[in-house]
Amino acid sequence: MVKTIEEINEKIKAGKAVVFNAEEIIEFAREKGVKKTAEQVDVVTTGTFGIMCSSGAYFNVGHTKPRIKLGGGRTYMNDVPAYTGLAAVDLFLGANALPDDDPRNRIHPGEFNYGGGHVIEELVAGKDIRLEATAFGTDCYPRRKLETWINIKDLNEAVLFNIRNAYQNYNVAVNTSDKTIYTYMGVLKPNLGNANYSSAGQLSPLFNDPFYKTIGIGTRIFLGGGTGFVAWQGTQYNPSVPRTEKGIPKEGAGTLAVIGDMKQMSPRWLVGASVQGYGCSLTVGIGVPIPILDEEVLRYTLVTDADIVAPVIDYSDAFPQLKPDKLGEVSYAELKSGKIKIKGKDVPTASRSSYPKALEIADILKDWIKQGKFFLTSPVEKLPGAESGVRVRPLKERPIEE
Amino acid sequence: MAVDKKIVLRFPKRMVDRPIVYRLVKDYDLEFNILKASITPEQEGLLVLELKGNQQEYDKGIEFLLKAGVQIQSLSQDVTRNEERCTHCGACVTICPTGAFKVDPKTRKVIFEDEKCIACGLCIPACPPRAMEVHF
Ligand code: SF4
Ligand code: SF4
């Protein structure tokens, strides 16, 4: 049996859509069988809530009287520098941006208590933000200095635009050196003292659609508590990696670039993150609905933590030195048991991505769909597939000779 | 006057094998109870002691520890979790030297058992949304 998105949307409109989250569907299909489940279920909702770098937002703050051109000058939001090289009053703020006077890692490991991700959280919380700018002044934009409070409700546009989120699989980080290291994967204790992983596993969007059959450009999603869209494949998109028999990538693979109106979003689902010794970032909540068009699409959503394996990478050597070495592979079921075995040693595990919050997102999306508030979209273009040959490449450095 | 206090001692790496507690007993006549002992990721020694004895001797004992380079915190320093900010990510679980964080195997929420907390402070900068707070 084959359904179309239009048919599913008709059922949503009529309040009759049958929706499960990506955890519930596993049990349901086990009982009813794949064929029956594919007939009965219309949508499976996924979710993820973790620190996602390459997040940011752009704003149009409105023109001042007299006018000022922020472009080419310096602009700060709560002391965090925003990128101005766009135009007069358009700004881009990256989640990793830090105030100029942050001590960074001068006293190692730095704490990184406030940065771009925190400004984004405060903006969506409706708090006033201090905007301070200096410019060089032109005939048409004479003003050189601006200091004012701004609030998201007064901005012409406030758009979250994350160019790489929702990683399809990720490294398990460990440390084989004899000293503690502070990484974006958290504090890693010496001599394989702990192992940190970062994915919602069986709930995570791209694990439930490993070949990007339904998720594509234009897919409407839950983003930061509001609705957003998949804008493009994310940066470092790498679909051609080795996969398991069931098609699940065995390492970081697909990524999504996502976009959405920040004015709808909530500080519950966009949380500023401080990563000790590394920097600031943003914890982002994303939920993607998967229309159950046929048995094949359904089958992919039945993925369990036991089906997904991730590479164990040494962040004291292989990662920083960009070596391809892996210390092994472990499944998410093993990771979630609280310990894994590496080189014969029991290593305690910790997650960086919140499973309970991912589940909450999948359930919110489920409720939106059931209540007829959220409709599904067909992608306007597919993402490059596993057979596309698209591959992430390292930078080939070429010495600059004068 | 008699005192009975719980304190957290942090020993720098170089001091981990010196007989500090023995001196407290011998030179200052203090009674002790080891509540917790561990080595932190920084390879520091971490010792939670209940110390009992005469106030004057207790004060001298503390002075001796400080001079020797031991950092002392009172256990009345209280570490709490801001439930609003905690995202239940789990980043703290393997950080805590006393295992005060546990993942509920069913809900996968992170449970904070504050009676196990010795206020070492390690989870505070390690928690990304800064949900762990220390109060003096
Ligand atoms: S690291 Fe912080 S936010 Fe994450 S579970 Fe622990 S207390 Fe909660
Ligand atoms: S301060 Fe944090 S890390 Fe230290 S014992 Fe208490 S809960 Fe554990």
Side-chain angles (χ1 to χ4, degrees), chain A residues 49-51 109-114 117-118 121 175 178-182 184-191 193-198 200-201 203 267-269 271-278 280-283 285 335-339 347-360, chain B residues 10-14 16 37-46 71 79 81-113 116-118 120-135:
Chain A
F49 187 72
I51 299 176
E111 290 188 2
F112 302 101
N113 288 316
Y114 198 84
H118 299 87
E121 177 187 335
N175 171 13
D178 57 7
K179 62 176 206 304
T180 299
I181 58 173
Y182 299 85
Y184 71 90
M185 288 296 285
V187 184
L188 298 175
K189 300 197 235 177
N191 309 314
N194 58 341
N196 289 350
Y197 63 99
S198 187
L203 264 185
R268 239 173 100 71
W269 303 111
V271 182
S274 299
V275 184
Q276 190 179 16
Y278 174 74
C280 289
S281 191
L282 185 67
T283 306
L335 286 164
K336 287 183 180 173
S337 75
K339 59 176 194 284
V347 181
T349 58
S351 166
R352 313 262 313 146
S353 168
S354 173
Y355 192 84
K357 294 276 172 187
L359 196 59
E360 221 179 308
Chain B
R10 288 159 158 265
F11 303 80
K13 200 172 173 177
R14 64 187 155 83
V16 169
S38 68
I39 306 272
T40 72
E42 304 295 8
Q43 308 280 295
E44 290 178 327
L46 196 83
Q71 279 180 36
V79 171
R81 183 165 75 177
N82 180 334
E83 299 297 334
E84 285 273 290
R85 280 205 77 75
C86 173
T87 63
H88 295 277
C89 62
C92 50
V93 173
T94 52
I95 298 299
C96 176
T98 67
F101 298 99
K102 237 179 37 201
V103 181
D104 181 316
K106 238 190 122 110
T107 62
R108 304 220 59 86
K109 286 201 169 163
V110 177
I111 303 159
F112 173 45
E113 297 174 332
K116 286 195 187 161
C117 172
I118 54 163
C120 74
L122 283 174
C123 58
I124 291 166
C127 164
R130 294 285 185 266
M132 297 306 297
E133 297 169 352
V134 62
H135 308 272

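On a predicted model such as this, the values are computed, not experimentally measured, just so you know. Protein chains get the first letters and strands the later ones, always in sequence-line order, with residue 1 at the start of each.
- For chain A, the nearby parts of B/Thr87 are the backbone and the side chain; heavy atoms of each come within less than 4.5 Å.
- Across all their heavy atoms, B/Ala126 and A/Val187 have their closest contact at CB-CG2, 4.1 Å.
- Comparing B/Cys127, B/Cys89, B/Pro105, B/Pro125 by how many heavy-atom pairs each has under 4.5 Å with chain A, the most go to B/Cys89.
- Remark: B/Glu83 CD is packed, more than 12 non-hydrogen atoms of other residues, nucleotides or ligands lying under 6.0 Å away.
- Heavy-atom contacts from other residues, nucleotides or ligands closer than 6.0 Å to NZ of B/Lys116 number more than 12.
- For A/Phe112, the part lying near chain B is the backbone, with the side chain staying farther off; criterion is any non-hydrogen pair under 4.5 Å.
- Heavy atoms of B/Cys86 lying under 4.5 Å from chain A belong exclusively to its backbone.
- Atom-to-atom distance recorded for A/Thr180:OG1 and B/Ile95:CD1 is 8.5 Å, nearest 0.5 angstrom.
- Using a 4.5 Å cut-off between heavy atoms, A/Tyr278 does not touch chain B at all.
- Interface remark: A/Thr283 contributes no atoms to any contact with chain B (heavy atom separation under 4.5 Å).
- For the residue pair B/Thr94 and A/Ala350, the shortest heavy atom distance occurs at OG1-CB, 3.7 Å.
- When heavy atoms are compared at a cutoff of 4.5 Å, A/Ser198 does not approach chain B at all.
- Using modelled atom types, one side-chain atom of B/Arg108 and one backbone atom of A/Lys336 make a donor-acceptor pair closer than 3.5 Å.
- Using a 4.5 Å heavy-atom threshold, the side chains of B/Pro128 and A/Ile51 count as touching.
- Nearest heavy-atom pair across B/Arg130 and A/Asn113 is NE-OD1, 2.7 Å.
- Proximity to chain B is limited to the side chain of A/Val271, based on heavy atoms less than 4.5 angstrom apart.
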